[in-house]
Amino acid sequence: MKREYLKPDCVTVASLLSACASNGALCKGEQLHSYVIKAGISSDMIVEGALLDLYVNCSDIKTAHEMFLTAQTENVVLWNVMLVAFGKLDNLSESFRIFRQMQIEGLIPNQFTYPSILRTCTSVGALDLGEQIHTQVIKTGFQFNVYVCSVLIDMYAKHGKLDTAHVILRTLTEDDVVSWTALISGYAQHNLFAEALKHFKEMLNRGIQSDNIGFSSAISACAGIQALNQGRQIHAQSYVSGYSEDLSIGNALVSLYARCGRIKEAYLEFEKIDAKDSISWNGLISGFAQSGYCEDALKVFAQMNRAKLEASFFTFGSAVSAAANIANIKQGKQIHAMIIKRGFDSDIEVSNALITFYAKCGSIEDARKEFCEMPEKNDVSWNAMITGYSQHGYGNEAVNLFEKMKQVGEMPNHVTFVGVLSACSHVGLVTKGLGYFESMSKEHGLVPKPAHYACVVDLISRAGFLSRARKFIEEMPIEPDATIWRTLLSACTVHKNVEVGEFAAHHLLELEPEDSATYVLLSNMYAVSGKWDCRDQTRQMMRNRGVKKEPGRSWIEVKNSVHAFYVGDRLHPLADKIYEFLAELNKKAAEIGYVQDRYSLLNDVEQEQKDPTVYIHSEKLAITFGLLSLSDTVPIHVMKNLRVCKDCHSWIKFVSKISNRAIIVRDAYRFHHFEGGICSCKDYW
DNA sequence: ATAGGGTTAG
């Protein structure tokens with residue numbers, strides 16, 4: 001009698017088990033399991049389901065599977081739990097086998113069965129199978145069930161079928177935040193931020209209260225388009241709804257401020273979060289990196305390491321990208337070492353970031369190595385490598401890789417074509433480039449964007465076919481933007497074509513009257529064509545409009561610090577030595593045929609009156625300093641904010657020969673590799 | 001049930 005009194009009922013045991021499951025308390029759960037066996041209630045359907053759920057939630061899938069195989073088969077819960085278990089492992093084939101088997105055994109899937117299998121389809125990208133299951137959902141009458149539909153919406157939205165997701169949401173008769181949020185975040189995931197916000201607004205207008213995740217998604221959508229004020233408003237709304245302390249909203253806010261370049265506010269929001277997780281940190285790091293505050297991003301990354309926090313794939317991806325954008329070779333390599341140590345080098349996205357990092361830092365060989373050693377590649381990997389080759393002027397390598405990409409069945413996208421078209425342009429492969437441009441729409445179903453038209457204009461005009469380029473612009477189906485006109489004007493300067501050049505400049509000055517580069521290009525074009533009156537007029541116009549030329553600046557990293565040089569500056573502590581060595585180099589260069597280009601200083605509208613022997617371009621200073629300070633086994637890496645002028649280009653070729661050194665210059669446009677008196681661009685740039 | 005970070009170009 002007493003024993004009977006003490007024996008807990010099955011429902012109590014099951015709820016204890018599920019408490020263990022949600023807290024990951026496997027030991028306590030196992031004790032309960034022994035008790036269950038002793039008490040003879042192990043075949044109770046509720047207890048049985050709770051036990052299986054315990055092992056699945058504690059990731060002991062093996063024990064769970066064994067239990068499942070010996071249990072009674074008429075309990076649908078067991079099948080559902082197993083679907084979740086294999087879903088956790090992204091094991092779709094086993095999930096699907098169970099899904100089919102349960103129906104063969106005569107069991108009817110319920111509102112928990114469909115979400116479990118559909119989530120697995122979503123996560124492994126098996127949309128076709130998901131669609132089949134969708135058909136069955138309709139047949140079995142679950143098409144109005146919010147649990148099932150929210151997962152269907154999520155699946156279609158995540159895979160870009162936003163119209164289908166939208167239709168499912170519209171057919172729902174019940175108001176459901178989760179279904180709405182699934183669609184809203186789906187739009188955001190495909191960069192349709194305005195559409196996401198539109199639906200968020202509509203949801204509220206319909207009187208559906210948002211939850212924390214809805215607010216978080218909406219704020220993230222604002223972050224995506226740098227809509228600072230709208231994001232703040234939504235934050236205020238979330239405050240009213242009582243979600244002010246929520247982690248997901250806090251993280252979204254950090255990301256919003258960081259991506260809007262509001263460094264201080266981002267830190268402030270970050271500090272407000274009590275239990276910061278890796279996403280909080282990463283919101284700062286990636287947000288700073290994306291808004292161009294790469295130094296800050298790297299600082300936060302270092303801070304995170306000092307706090308002994310484990311960085312994730314995401315964090316490493318962001319940090320490498322930050323190092324790439326500012327070409328911080330040293331820190332980037334340190335991060336790479338950490339990545340290897342932590343075994344994250346097997347992650348595709350991290351490797352993709354590394355390819356870009358090495359390419360942007362001028363080490364195309366290291367980029368290639370990273371690319372070749374990847375066990376698995378995706379489209380971004382190919383794009384990063386093709387673009388890297390292109391930026392370094394290795395047009396043929398870029399084209400070959402593009403052909404190989406198609407051969408292995410990887411689909412080229414818009415980015416691929418920007419890379420391959422600019423690669424053709426860099427080496428003058430006009431016919432080939434035009435063929436690729438044609439193939440974009442004809443073979444790959446891609447609609448060319450302004451950037452692609454700009455590439456084609458560059459391709460044609462740089463090769464000297466200026467009238468043809470002009471005709472192409474006039475006949476193309478989109479409105480030409482400033483980039484396109486600038487490209488044309490730049491080519492007209494190279495080819496001394498005043499007529500087309502004036503035409504381009506006219507449009508460019510209308511679109512961007514404040515851009516100093518236009519005036520500089522135009523006055524150079526007049527100068528090289530001997531039209532001095534026109535050149536003077538252009539300068540006068542520039543002065544009248546108060547437009548200032550961006551000063552040329554070059555920088556080089558020596559012994560962990562960056563040394564920056566402006567045109568003709570003597571600010572460096574070693575200035576005397578640098579100028580002395582420079583004179584020596586000039587003398588040696590002249591002995592083997594270097595002649596200063598008389599147009600070289602025409603770029604420098606303001607300072608043309610000055611003595612050209614004093615007035616030295618910044619890249620010459622940086623390279624001279626590099627030769628003085630670096631051991632002669634390492635290549636000289638120099639970055640420049642503007643394009644290298646013709647005179648400096650020729651000078652560097654001579655210097656690479658005299659000094660027997662590899663000199664790699666990254667200018668505003670591309671990389672130049674100088675070695676043994678020649679440049680990788682083959683003087684075509 | 002629904003999210004919040006990374007990678008490619010111009």
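Keep in mind it's a predicted model, so treat the numbers as computed, not measured. All chains are named by letter (A, B, ...) in the order of the sequence lines, taking the proteins before the strands, and each is independently numbered beginning at 1.
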For the pair A:Arg486 and A:Glu512, find out whether any cationic side-chain nitrogen is under 4.0 Å from an anionic carboxylate oxygen. yes
With heavy atoms under 4.0 Å as the rule, sort A:Ser248 into base, sugar-phosphate or nothing.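 Base, at least one base heavy atom under 4.0 Å.
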Nearest-neighbour nucleotide for the [X] side chain, [options] considered:
X        : options              : result
A:Ser185 : B:dG5, B:dA3, B:dT7  : B:dA3
A:Ser286 : B:dA1, B:dG4, B:dG6  : B:dG6
A:Gln290 : B:dG4, B:dG6, B:dT7  : B:dG6
A:Ala182 : B:dA3, B:dT2, B:dG6  : B:dT2
A:Lys360 : B:dA9, B:dG5, B:dG10 : B:dA9
A:Thr483 : B:dG10, B:dG6, B:dG5 : B:dG10
A:Ser150 : B:dA9, B:dG6, B:dA1  : B:dA1

Donor-acceptor under 3.5 Å (A:Thr315 side chain, A:Asn282 main chain):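 Side chain of A:Thr315 to backbone of A:Asn282, a donor-acceptor pair under 3.5 Å: no, none is there.
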Any stacking of A:Tyr147 on B:dA1, going by centres under 5.5 angstrom and planes within less than 30 degrees? yes
Contiguous pairing runs of three or more, Watson-Crick or G-U under 3.5 Å, that involve DNA chain B: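 Consecutive-pair runs (3 or more) involving DNA chain B: none.
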Let me know the distance between [atom1] of [X] and [atom2] of [N], rounded to the nearest Å.
X        : N     : atom1 : atom2 : result
A:Asn212 : B:dA3 : CG    : C1'   : 9 Å
A:Lys158 : B:dA1 : NZ    : P     : 13 Å
A:Arg119 : B:dA1 : CZ    : C1'   : 6 Å
A:Asn80  : B:dA1 : CG    : C1'   : 14 Å
A:Glu370 : B:dT8 : CD    : C1'   : 15 Å
A:Tyr114 : B:dT2 : OH    : P     : 19 Å

Using ring centroids (six-membered ring only for Trp), state whether A:Phe200 and A:Tyr187 fall under 6.0 Å.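 Centroid distance A:Tyr187-A:Phe200: not below 6.0 Å, so no.
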Using ring centroids (six-membered ring only for Trp), state whether A:Tyr669 and A:His426 fall under 6.0 Å. yes
How long is the straight-line distance from NZ of A:Lys449 back to CG of A:Asp481, given to the nearest 0.5 Å?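 Between A:Asp481 CG and A:Lys449 NZ, I get 13.0 Å after rounding to 0.5 Å.
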Compare side-chain N and O positions of A:Gln391 against OP1 and OP2 of B:dT8 and report whether any pair is under 4.0 Å apart.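 So the side chain of A:Gln391 is outside the cut-off, no N or O lying under 4.0 Å from OP1 or OP2 of B:dT8.
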Give the intermediate values and the outcome of salt bridge (Lys or Arg N to Asp or Glu O under 4.0 Å) for residues A:Glu269 and A:Arg232. CA-CA 12 Å; A:Glu269 287 300 331; A:Arg232 281 183 173 139; over 6 Å; no
Candidates A:Trp382, A:Phe417, A:Tyr394 - the one meeting ring pair (Phe, Tyr, Trp, His ring centres under 6.0 Å) with A:Phe402: A:Phe417
I'd like to know if A:Asp347 reaches the base of B:dG6 with its side chain, counting only an N/O donor and acceptor under 3.5 Å.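 Such a pair exists between side chain and base.
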Ignoring hydrogens and geometry beyond distance, is a side-chain donor-acceptor pair present between A:Ser210 and A:Tyr243 at under 3.5 Å? no
Using a 4.0 Å cut-off on heavy atoms, which residues in residues 376-387 of chain A reach DNA chain B? List them by number, or say none.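 Result for residues 376-387 of chain A: A:Val380, A:Asn383, A:Thr387, sorted by number.
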